[in-house]
Structures are given as structure tokens and as C-alpha cells.
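Note sheet for the following structure.
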Amino acid sequence: MRKIYSSRSSFLNLAKSLMLLLLCALVLQAQTVSNRSAGGTPEQQTARFFESIRKSPPQQLAFLLRMPKGADLHNHLSGSVYAERYLEWAAEKKLCVNQMTMALSEAPCVTAAGQLPASQALTDDGLYRRMINAWSMRYWQFSGQNG
């Protein structure tokens, strides 16, 4: 009699598990249909939102900063733009560089805030080296950070 009871108990447990699995599948299917009717998949909704802020650099920056690693999730150095080219671009665009953080900003440069014209790096070897080191993997092993 005990064997029959344990077989029946196993059968009931299996039936409960299958019912729970079926219920989960139905809920997942309903969520998928709901996503499609509410404007598409999360990826499609994100793409539409990003397209809507395409002409607003402040909104784009805020959007990207909320992403892991600032949206740079995967990067092959062999396919990246060289830091030297970024520096040339910053000089062409007449951007300013913060001497402490090496971050770029729009002109006018505020000397009191430690900003210099990025173009100055083209004639100042020390500034040039600091910017290239900050914007590339050059000498990363001495930075105290993980490469």
C-alpha cells in the first residue's frame, strides 16, 4: 500500500509541476503579446526613444550615461578610433579640455576651472601626452587600474 501511495504522490507532484510550468508559459506568452501591442519589444521601444532624442545631445548623453559602461559594452581596440584622432577632432571643433579629468567641453574655455583649448595639445608635448594617455590604453599598467 505504501508503494501505491508514493506513486500516487509522485504523480500528483508531477501534475502540479506541469500545471505550474504551463501557467508560467501562458503568462510569458501574454507578456510577449502585450509588449507587441504596447509598441514592440523592449529593443524596439529603446530604438524608437533613441531616435526621438537624436537631435538633443544633452538627452543623448543622459541616456547613454544610464547604460552600463556608458554604452561601451564591447570594444575591439583594433577597430577603435585612435586617441590621436580624437585629439585632432577636438582641436578642429575648438573644444576645451579639463586638465584634471581630460574631459572635453564646449568653448569658451574657463581657465579658472582648469580648462584649456584642446588645440593647445598640438604644441604642448606634456598636455598632448597626458591626453593620449587618458584617452587610450597607453601605459595603462601604470595607471593603477585594471586594463
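Numbering starts at 1 and runs along the sequence shown.
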Sequence neighbours excluded and cut-off under 3.5 Å, please list the side-chain donor-acceptor pairs for residues 103-118, or say none.
residue : atom : partner : partner atom : Å
S105    : OG   : Q115    : NE2          : 3.1
Q115    : OE1  : V110    : N            : 2.8

Test side-chain contact (heavy atoms from CB on, under 4.5 Å) applied to T101 and N98, step by step: CA-CA 6 Å; T101 65; N98 181 304; 3.3 Å; yes
Which residues pass the ring-ring contact (aromatic ring centres under 6.0 Å, His included) test with F63, sequence neighbours left out? F49, F50
Give, for atom CG of L65 and atom CD of Q60, the distance between the pair rounded to the nearest 0.5 Å. 11.5 Å
Residue pair V81, W89: steps toward the side-chain contact (heavy atoms from CB on, under 4.5 Å) verdict: CA-CA 11 Å; V81 176; W89 172 79; over 6 Å; no
Quick one, E88 with K93, criterion salt bridge (Lys or Arg N to Asp or Glu O under 4.0 Å). Give me CA distance, side-chain angles, the key distance, then yes/no. CA-CA 9 Å; E88 292 168 7; K93 297 290 184 183; over 6 Å; no
List the steps, then state whether side-chain contact (heavy atoms from CB on, under 4.5 Å) holds for R130 with Q99. CA-CA 9 Å; R130 289 194 317 272; Q99 294 180 77; 4.0 Å; yes
Okay, side chain of N133, backbone of R129: is any donor-acceptor separation there less than 3.5 Å? yes
Point-to-point distance, once rounded to the nearest 0.5 Å, from CE of M131 to CD of E84: 11.0 Å
Strictly distance-based, threshold 3.5 Å: is any side-chain N or O of S56 a donor or acceptor partner for the main-chain N or O of I53? no
How long is the gap from CG on D125 to CD1 on I132, to the nearest 0.5 Å? 11.5 Å
Which atom names give the shortest non-hydrogen contact between Y128 and A121, and what distance separates them? CB-O, 3.2 Å
